Every structure is written in structure tokens, then in C-alpha cells.
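Side-chain atoms are counted along with the backbone in the values below, which use heavy atoms only and exclude waters and symmetry mates. Note that this is a predicted model, so its numbers are computed, not measured.
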Amino acid sequence: MSQPLDFVVAIPARYAASRLPGKPLRLLGGQPLVLRVAERALLAGASEVWVATDDARIADALQGLSSVRVAMTSADHASGTDRLAECAVQAGWSDDTVVVNLQGDEPFAPAEGIRAVAEALVYSGAEMSTLATPVEDAETLFDPNAVKVVRRQNLDALYFTRAPIPWHRDAFARSRDTLAGPHWLRHIGIYGYRAGFLRQFAALPPGTLEQLESLEQLRALEAGHRISVALTPAEFPPGIDTPEDLARAEAWLAAQG
């Protein structure tokens, strides 16, 4: 792992968001959110950074970063993955290009975490890669908005779910207020894949499990593809989905001086 990897970062940035309309353009520390996310991608050492969007206002907000490229994509895409598949065509990436999908609401994504996704993809040989972090409290484990993942011994994902798994039968029979041991992992929503598989994945029909859990990554598992899950080497602060999240991020940023 001593040789630096060649990878690109692609950031899906849709203007409409039900819980935070115009999210990519919301200001954080005086800068548009999408601009801060793109800066994190540049710090990770990506050979190219692309923002895939459906709104010219988002493209305009990125004009100050000349090294960031913009793909104007359809407003009809159902998911960020579909948007990035169109971006891959516009960018002309070869099938072997390593692509890291960094969500457009992750303004504090650590550079080493972004690189770790690319490393997990390349060194595992899996079709996809992602990150996880230990669950530290029962509230997170039982929160359906916190996605959990269980892994095989080879670190591939067995399953992603909103439910608290694995279910510790004996411990939870006594109490569900505390955790007994380091058995649980929370999924971090950042992905790596090669551009060829990205296009293949976007073309797959949604699976039953994906629709039940509302978790797109289950489409790959249900179709028989591998997803390597590495532990994040640095903390990923929560992403920004709501006005309350944005206010907390603003306060945290101000506290850093």
C-alpha cells in the first residue's frame, strides 16, 4: 500500500432535497456546502474531482475551484449512483478507473477516509468498497437512520440494514440500554467502484431487499456482487440532511476557530 493510488472522486449534487431544499448551495462558514465537499476531495489526492449536478447554480458556485470539473446531468435520475453513471460517460473514464462516490453532504469527510475507500477497492478485488465505524452506544444501534453492516471474515459485507444486527440474544434479554462488546458496525455512506462496474450497477433493476430497507447498496449484494468494508482510519462527522444538522455543523465549525 506504499504506492499512491490513482483514483477520481465524483460528488453527486442534486439541487432538490426534501428535508433541506437547495442543500448543495446552503452556506456553511460562509461557503456553499458543495464547495466545501469538493475541497475535501481535493485534499484526498484524487487525480480528478467531478461534481455531477442537475442545476447551473451549483456549477456556478464551483467556479472558484478551477481544478474541479462539473458534469451537467439529467434532473430525472432516481439516485446519486445513476447521476454518477452519466458523469462517468461524460468524463470518458475507462472501465478500470477507480471512482470514489463522495456524498455531497459530507463537508468534513477526512482525506484519509476518502483514500481508504479507494485502497479497499483495489486491494480486496471486490466490485465495490465502503467504510464502517464501531457503534459506540445503544441509541445508535437501535436508530433506524443509522445503517448497520455485518461482515464476513474476509471483510466483505454480509448485509446492510437499519435493524440492530447482530442480535445479541442473551445481552438484549437483560437490557437494551448498553452494548456488550464490540460487535456492531455503523455504515458510512461513501463508496468505491471501478467506472465499468458503476455503469453496470446503475443498470441493475432495484432488488427486493433494497426496496424493503431503502438501501441502494443492497442491490449489489442481492445480485451477487462483493462489497469490501474497511474500518475508517479517521472519524467521519455526520453528514448534513436537515436544517438542524446544518446548524450543528455551523456551531462545530465556529468552535474550531
Discussion item. Please say yes or no: joined through hydrophobic side-chain contacts below 4.5 Å, possibly via intermediate residues, are Val37 and Met72 part of one cluster?
Written reply: yes
Worksheet item: Counting N and O atoms only, with roles assigned by atom type, does the side chain of Arg152 sit under 3.5 Å from a partner on the main chain of Asn154, one being a donor and the other an acceptor?
Response: no
Discussion item. What I want to check is whether the side chains of Asp54 and Tyr15 have a donor and an acceptor closer together than 3.5 Å.
Written reply: no
Practice prompt. Under the salt bridge (Lys or Arg N to Asp or Glu O under 4.0 Å) rule, what do Asp95 and Arg199 come out as? Steps first, then yes or no, please.
Written response: CA-CA 9 Å; Asp95 284 351; Arg199 289 186 283 264; 2.5 Å; yes
Worksheet item: Is there a side-chain contact between Ile58 and Leu25 (heavy atoms, below 4.5 Å)?
Response: yes
Worksheet, complete the sentence: Distance col, row Asp156:CG vs Arg226:CZ, nearest 0.5 angstrom, shows 4.0 Å
Worksheet item: Within the distance-only criterion (no hydrogens, no angle test), does the side chain of Thr130 pair as donor or acceptor with the backbone N or O of Ile188 below 3.5 angstrom?
Response: yes
Fill in: Validation row: Arg36, Leu253 side chains within 4.5 angstrom (heavy atoms)
yes
Worksheet, complete the sentence: Note: Thr73 and Cys87 closest approach over all heavy atoms is CG2-N, 4.3 Å
Fill in: Distance (rounded to the nearest 0.5 Å) between Leu179 CG and Phe172 CZ
6.0 Å
Worksheet item: Would you say the side chains of Trp93 and Glu48 form a donor-acceptor pair under 3.5 Å?
Response: yes
Fill in: Beyond-backbone contact of Val100 with Val8, side-chain heavy atoms, under 4.5 angstrom
no
Worksheet item: side-chain contact (heavy atoms from CB on, under 4.5 Å) between Gln217 and His187: does it pass, once the steps are laid out?
Response: CA-CA 11 Å; Gln217 63 269 37; His187 177 231; 3.5 Å; yes
Worksheet entry | Heavy atoms of other groups near Glu136 CD, more than 12 under 6.0 Å | no
Worksheet entry | Step-by-step salt bridge (Lys or Arg N to Asp or Glu O under 4.0 Å) determination, Arg57 to Asp60 | CA-CA 5 Å; Arg57 289 169 291 183; Asp60 291 342; over 6 Å; no
Discussion item. Ring centres under 6.0 Å, that's the criterion: do Phe197 and His225 meet it?
Written reply: yes
Worksheet item: Do Ile227 and Ile165 belong to the same hydrophobic cluster, where Ile, Leu, Val, Met, Phe, Trp and Tyr are linked whenever their side-chain heavy atoms lie under 4.5 Å apart, directly or via other members?
Response: yes
Worksheet item: How long is the span from the CD1 atom in Ile190 to the CD atom in Glu106, to the nearest 0.5 Å?
Response: 7.5 Å
Worksheet item: Pro166 and His183: which non-hydrogen atoms are nearest, and at how many Å?
Response: CD-O, 3.5 Å
Worksheet item: So, Phe201 versus Tyr191, ring centres under 6.0 angstrom or not?
Response: no
Fill in: Heavy-atom pair with the smallest gap, counting every atom of Leu221 and Ala157
CD2-O, 3.8 Å
Fill in: Shortest non-hydrogen contact between Ala38 and Val49, atoms and distance
O-CG1, 4.3 Å
Fill in: Quiz item: cation-pi between Arg40 and Phe108, 6.0 Å / 45°
no
Item to complete: Please determine, by modelled atom types, if Arg186 and Thr133 share a side-chain donor-acceptor pair under 3.5 angstrom.
Response: no
Item to complete: Using a 4.5 Å cut-off on heavy atoms from C-beta on, say whether the side chain of Leu215 contacts that of Glu210.
Response: no
Worksheet, complete the sentence: The reported gap from CG in Leu102 to CG in Leu84 (rounded to nearest 0.5 angstrom) is 10.0 Å
Worksheet item: Is it true that a side-chain atom of Lys148 and a backbone atom of Arg162 form a donor plus acceptor pair closer than 3.5 Å?
Response: yes
Worksheet item: With a 4.5 Å heavy-atom cut-off, do Glu213 and Val147 have their side chains touching?
Response: no
Item to complete: Could you check Leu28 against Trp252 for side-chain contact (heavy atoms from CB on, under 4.5 Å), going step by step and ending with a plain yes or no?
Response: CA-CA 10 Å; Leu28 176 60; Trp252 183 88; over 6 Å; no
Discussion item. Pairing donors with acceptors under 3.5 angstrom, does anything connect the side chains of Glu216 and Ser79?
Written reply: yes
Item to complete: Using the rule that two of Ile, Leu, Val, Met, Phe, Trp, Tyr join whenever any of their side-chain heavy atoms come within less than 4.5 Å, decide whether Ile114 and Val229 are in one cluster.
Response: no
Worksheet entry | Within one Ile-Leu-Val-Met-Phe-Trp-Tyr cluster: Val117 and Met128, side-chain cutoff 4.5 Å | no
Worksheet item: Phe7 ring centre to Arg115 NZ or CZ under 6.0 Å, with the angle to the axis within 45°?
Response: no
Practice prompt. Decide yes or no for Leu155 and Ser124: does some side-chain heavy atom of the first lie under 4.5 Å from some side-chain heavy atom of the second?
Written response: no
Worksheet item: Rounded to the nearest 0.5 Å, how far does OG1 of Thr81 lie from CD of Glu86?
Response: 13.5 Å
Worksheet item: Under 3.5 Å, is there a donor-acceptor pair linking the side chains of Thr140 and Asp137?
Response: yes
Practice prompt. Decide yes or no on side-chain contact (heavy atoms from CB on, under 4.5 Å) for Leu212 and Thr208, but give the supporting numbers first.
Written response: CA-CA 6 Å; Leu212 286 172; Thr208 301; 4.1 Å; yes
Discussion item. Whether Asp105 and Lys23 form a salt bridge (side-chain N of Lys/Arg under 4.0 Å from carboxylate O of Asp/Glu) is what I want to check.
Written reply: yes
Worksheet item: Can you check whether Glu127's main-chain N or O pairs, donor with acceptor, with Arg194's side chain at less than 3.5 Å?
Response: no
Discussion item. If you compare all heavy atoms of Gly192 against all heavy atoms of Leu121, which two are closest, and at what distance to 0.1 Å?
Written reply: O-CD1, 3.6 Å
Item to complete: Is it possible for you to say whether Leu158 and Leu141 belong to one hydrophobic cluster, with membership spreading through side-chain heavy-atom contacts below 4.5 Å?
Response: no
Worksheet item: Below 4.5 Å, heavy atoms only, C-beta onward: do Arg26 and Leu20 meet side chain to side chain?
Response: yes
Worksheet item: Any side-chain heavy atom of Val70 within less than 4.5 Å of one from Trp50?
Response: no
Worksheet, complete the sentence: What one should report as the nearest heavy-atom pair of Pro12 and Asn101 is CD-OD1, 3.4 Å
Worksheet item: Taking the inter-plane angle between the rings of Trp167 and Phe142 on a 0 to 90° scale, is it parallel (under 30°), tilted (30 to 60°) or perpendicular (over 60°)?
Response: perpendicular
Fill in: Test item: Ser214 side-chain N/O and Gln211 main-chain N/O as donor-acceptor pair under 3.5 Å
no
Discussion item. Return the CG to CD distance between Asp245 and Glu250, rounded to the nearest 0.5 Å.
Written reply: 13.0 Å
Worksheet entry | Steps toward side-chain contact (heavy atoms from CB on, under 4.5 Å) verdict (Val150, Leu185) | CA-CA 7 Å; Val150 290; Leu185 292 174; over 6 Å; no
